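Comments concern the structure below.
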Amino acid sequence: MQDSFVHKGKRKILVDYLRTKTGISDEKVLKAINEVPRHLFLESIFEDFAYEDRAFPIAANQTISHPSTVAEQTELLEVNEKEKILEIGTGSGYQAAVLVAMNAWVYTVERQKDLFDFSQKKLRELHLRPKFQSFGDGFAGLPTFAPFDKIIVTCGAESLPTELLKQLKIGGKMVIPMGKTDEQILYRFTKISETEFEKEEFGIYKFVPMLGRTNK
């Protein structure tokens, strides 16, 4: 698949939708979504629908999130250039690509080998390379590269992964969906001190569950 003028036109329509219908106001987020070819992160059978606000199945029984969900999670992170961002759950690589397009320094972890291989290849082809891409257990984070300015979790955790909070800078933010497997609440935690966190809620979502260890 190529990135044609038709695809670019559809992305512009998507960005207008995100701005006017879903309330996304961070122009840096909207610019990145306008630049990243989402259809290239999907199977070709979904190409015609790639710029609709829909989730789609990808390998390993996972999904690529709605563009509105990607936009909201990214906006909640309050991304600045050259911030170190840890992503838990690379998936097909789309969310990582959006963050890289925003000139963040992205460190991303994926536990499914098929998705790790696909996303690594796709991000390389598009010249949207994270600083570090790992096949590993998301619950463990990446302590070697900690602390991080921001952490984004793209799968639903039943409880708060405390190891990830340890890897967050003072003043840093973590955006994570938490709850049972049928639905989760999207939270943002801001680290006030080593033992204090501010917690904010941003509505109900449905993510695939956050699982430990790796799956080859």
Side-chain angles (χ1 to χ4, degrees), residues 1-58 62-83 85-106 108 115 118-119 122-131 149-155 173-177 184 186-188 200 202-208:
M1 288 189 287
Q2 301 297 317
D3 189 24
S4 68
F5 286 112
V6 172
H7 295 122
K8 292 173 182 177
K10 288 182 177 181
R11 280 205 296 283
K12 184 178 184 301
I13 293 170
L14 171 62
V15 167
D16 289 342
Y17 166 83
L18 294 174
R19 183 186 286 113
T20 60
K21 301 298 184 183
T22 70
I24 301 299
S25 59
D26 188 330
E27 290 298 326
K28 294 180 295 184
V29 174
L30 295 168
K31 181 175 182 291
I33 287 177
N34 193 47
E35 291 174 357
V36 176
R38 185 176 188 245
H39 66 282
L40 297 181
F41 293 88
L42 300 171
E43 293 185 25
S44 59
I45 58 172
F46 300 124
E47 180 181 3
D48 290 343
F49 312 103
Y51 297 105
E52 295 179 7
D53 193 20
R54 296 169 57 182
F56 293 99
I58 54 176
Q62 304 298 297
T63 60
I64 182 172
S65 294
H66 294 70
S68 58
T69 302
V70 172
E72 178 159 12
Q73 280 199 284
T74 307
E75 185 170 68
L76 290 175
L77 277 184
E78 299 178 358
V79 177
N80 296 306
E81 288 191 12
K82 297 184 179 179
E83 282 188 324
I85 298 181
L86 173 61
E87 179 193 31
I88 304 301
T90 317
S92 66
Y94 178 65
Q95 173 71 80
V98 169
L99 292 169
V100 172
M102 296 176 71
N103 296 317
W105 290 354
V106 179
T108 184
L115 287 173
F118 174 86
S119 60
K122 188 60 62 178
L123 290 167
R124 185 183 296 119
E125 288 173 354
L126 294 172
H127 305 291
L128 292 168
R129 299 294 299 275
K131 285 288 184 181
D149 297 292
K150 309 286 170 61
I151 298 176
I152 181 170
V153 181
T154 64
C155 39
K173 299 180 187 297
M174 179 168 74
V175 174
I176 178 171
Q184 300 89 23
L186 188 62
Y187 291 95
R188 180 170 64 188
E200 303 166 272
F202 295 93
I204 296 173
Y205 290 79
K206 185 173 178 62
F207 288 80
V208 294

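Remember, predicted model here, so these are calculated numbers, not experimental data.
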> Does some side-chain heavy atom of Ile58 sit less than 4.5 Å from a side-chain heavy atom of Glu43?
Replying inline: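 Side-chain contact under 4.5 Å: no.
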> Do Met102 and Thr74 come within less than 4.5 Å of each other through their side chains, counting heavy atoms only?
Replying inline: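 Yes, their side chains come closer than 4.5 Å.
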Donor-acceptor pairs under 3.5 angstrom involving side-chain atoms of residues 44-52: please list them, not counting sequence neighbours.
from: Glu47; atom 1: OE2; to: His7; atom 2: NE2; distance (Å): 2.7
from: Tyr51; atom 1: OH; to: Arg11; atom 2: NH1; distance (Å): 3.1
from: Tyr51; atom 1: OH; to: Arg38; atom 2: N; distance (Å): 3.0
from: Tyr51; atom 1: OH; to: His39; atom 2: N; distance (Å): 3.3
from: Tyr51; atom 1: OH; to: His39; atom 2: ND1; distance (Å): 2.6
from: Glu52; atom 1: OE1; to: Arg54; atom 2: NH1; distance (Å): 3.0

Donor-acceptor contact present, side-chain [X] to main-chain [Y], <3.5 Å:
{"X": "Thr154", "Y": "Ile88", "value": "yes"}
{"X": "Glu75", "Y": "Asp26", "value": "yes"}
{"X": "Lys150", "Y": "Glu83", "value": "no"}
{"X": "Gln73", "Y": "Val153", "value": "yes"}

>> Walk me through whether Ile33 and Tyr94 qualify under side-chain contact (heavy atoms from CB on, under 4.5 Å).
In response: CA-CA 10 Å; Ile33 287 177; Tyr94 178 65; 3.9 Å; yes
> Counting heavy atoms not belonging to Lys8, are there more than 12 under 6.0 Å from its NZ?
Replying inline: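 Yes.
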Heavy-atom pair of closest approach, residues [X] and [Y]:
{"X": "Pro130", "Y": "Val106", "answer": "CB-O, 3.3 Å"}
{"X": "Cys155", "Y": "Pro177", "answer": "O-CG, 3.4 Å"}
{"X": "Val15", "Y": "Leu30", "answer": "CG2-O, 3.6 Å"}

Can you measure from [atom1] ([X]) to [atom2] ([Y]) and round to the nearest 0.5 angstrom?
{"X": "Tyr205", "Y": "His66", "atom1": "OH", "atom2": "NE2", "answer": "10.5 Å"}
{"X": "Leu40", "Y": "Gln2", "atom1": "CG", "atom2": "CD", "answer": "8.0 Å"}
{"X": "Leu126", "Y": "Arg124", "atom1": "CG", "atom2": "CZ", "answer": "11.5 Å"}
{"X": "Met174", "Y": "Ile85", "atom1": "CE", "atom2": "CD1", "answer": "14.0 Å"}
{"X": "Arg188", "Y": "Lys173", "atom1": "CZ", "atom2": "NZ", "answer": "5.0 Å"}
{"X": "Gln62", "Y": "Leu115", "atom1": "CD", "atom2": "CG", "answer": "6.0 Å"}

> Residues in salt bridge (Lys or Arg N to Asp or Glu O under 4.0 Å) with Asp53, at least two apart?
Replying inline: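 Once residues adjacent in sequence are excluded, Asp53 has no partner under the salt bridge (Lys or Arg N to Asp or Glu O under 4.0 Å) criterion.
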>> Would Ile176 and Gln184 count as a side-chain contact (heavy atoms from CB on, under 4.5 Å) here? Give the steps.
In response: CA-CA 9 Å; Ile176 178 171; Gln184 300 89 23; over 6 Å; no
>> Checking Phe41 against Leu123 for the side-chain contact (heavy atoms from CB on, under 4.5 Å) test, could you report, in this order, the C-alpha distance in whole Å, the side-chain angles of both residues, the deciding distance, and whether it holds?
In response: CA-CA 9 Å; Phe41 293 88; Leu123 290 167; 4.2 Å; yes
>> So, applying side-chain contact (heavy atoms from CB on, under 4.5 Å) with Leu99, which one of Thr108, Val79, Val29, Val36 is it?
In response: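 Looking at Thr108, Val79, Val29, Val36, the match for Leu99 under the side-chain contact (heavy atoms from CB on, under 4.5 Å) is Val79.
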>> Assess the residue pair Lys31 and Asn34 against the criterion (side-chain contact (heavy atoms from CB on, under 4.5 Å)); give the C-alpha distance rounded to whole Å, side-chain angles, the decisive distance to 0.1 Å, and a yes or no.
In response: CA-CA 5 Å; Lys31 181 175 182 291; Asn34 193 47; 5.6 Å; no
